[in-house]
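Here is the structure we will look at, set down as structure tokens.
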Amino acid sequence: MPRKKKTAKPKPVKVRDPTTGEEVELVPIKVWLLAPKSRGRKGVKIGLFKSPKTGKPFRAKVPDDYPEIK
DNA sequence: GCGATCTC
DNA sequence: GAGATCGC
């Protein structure tokens, strides 16, 4: 597959918006792996989101298979 | 507590 | 720099 689409299809992640307490589907601004150097601990993938309500950013876990961003 | 990252 | 994120 040939065809590099620059228009990626960002799959929305279901996350709990701490500002509203609502579970919403958002596309992360940034995603990275947060894990200790010490192996044996996998850590978690973290996404940076922005609350649609307040515009305030917050972090939440994203699925391990979610691609990193930026 | 560790890990990276961001906004305040 | 704090604080928040998650699982071990």
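Note on naming: letters A, B, ... go to the chains in the order of the sequence lines (proteins, then strands), and numbering restarts at 1 for each one. Keep in mind the model is a prediction, meaning the values are calculated, not measured.
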message = At 4.0 Å (heavy atoms only), tell me whether Lys45(A) reaches a base, stays on the sugar-phosphate, or touches nothing.
response = nothing

request  = Send over the distance from Lys61(A) NZ to dT5(B) C1', rounded to a whole Å.
outcome  = 17 Å

Toward the 5' end of DNA chain B, by each residue's nearest nucleotide, Ala35(A) or Gly55(A) = Ala35(A)

query = Between Tyr66(A) and Lys11(A), is there a donor-acceptor pair closer than 3.5 Å when you use the side chain of the first and the backbone of the second?
reply = yes

request  = Taking only the side-chain nitrogens and oxygens of Lys30(A), find out if one of them lies under 4.0 Å from OP1 or OP2 of dC6(B).
outcome  = yes

Salt-bridge present (Lys45(A), Asp65(A); N to O < 4.0 Å) = no

remark   = Phe58(A) atom CZ is separated from dT5(B) atom C1', nearest whole Å, by 15 Å

message = From NZ of Lys56(A) over to P of dT5(C), roughly how many Å is that when rounded to an integer?
response = 12 Å

task = Among the candidates dC6(C), dA4(C), dC8(B), find the nucleotide nearest to the side-chain atoms of Arg59(A).
result = dA4(C)

ask   = How long is the line joining NZ of Lys14(A) and P of dC6(C), in whole Å?
value = 17 Å

remark   = Of dT5(C), dC6(B), dG1(B), the nucleotide closest to the side chain of Ile46(A) is dT5(C)

Pro28(A) versus Ile69(A), closest heavy-atom pair with distance = O-CD1, 3.7 Å

request  = Could you check how far CG of Leu33(A) sits from P of dC6(C), rounded to whole Å?
outcome  = 15 Å

key: Separation of atom CG in Asp64(A) from atom C1' in dA4(B), rounded to whole Å   = 15 Å

task = Check every strand shown and say whether Leu34(A) touches a base, only sugar-phosphate, or nothing at a heavy-atom separation below 4.0 Å.
result = base

task = Could you check Trp32(A) against Arg41(A) and say which one's nearest nucleotide on DNA chain C is further toward the 5' end?
result = Trp32(A)

query = Charged N to carboxylate O under 4.0 angstrom, Lys14(A) versus Glu25(A)?
reply = yes

query = Could you state the CD1-P distance from Ile29(A) to dA4(C), rounded to the nearest angstrom?
reply = 19 Å

task = Among Leu26(A), Val24(A), Asp17(A), find the one that has a side chain to side chain contact (heavy atoms under 4.5 Å, CB included) with Phe49(A).
result = Leu26(A)

Nucleotide dA4(C), atom P - distance to CZ of Arg16(A) in whole Å = 18 Å

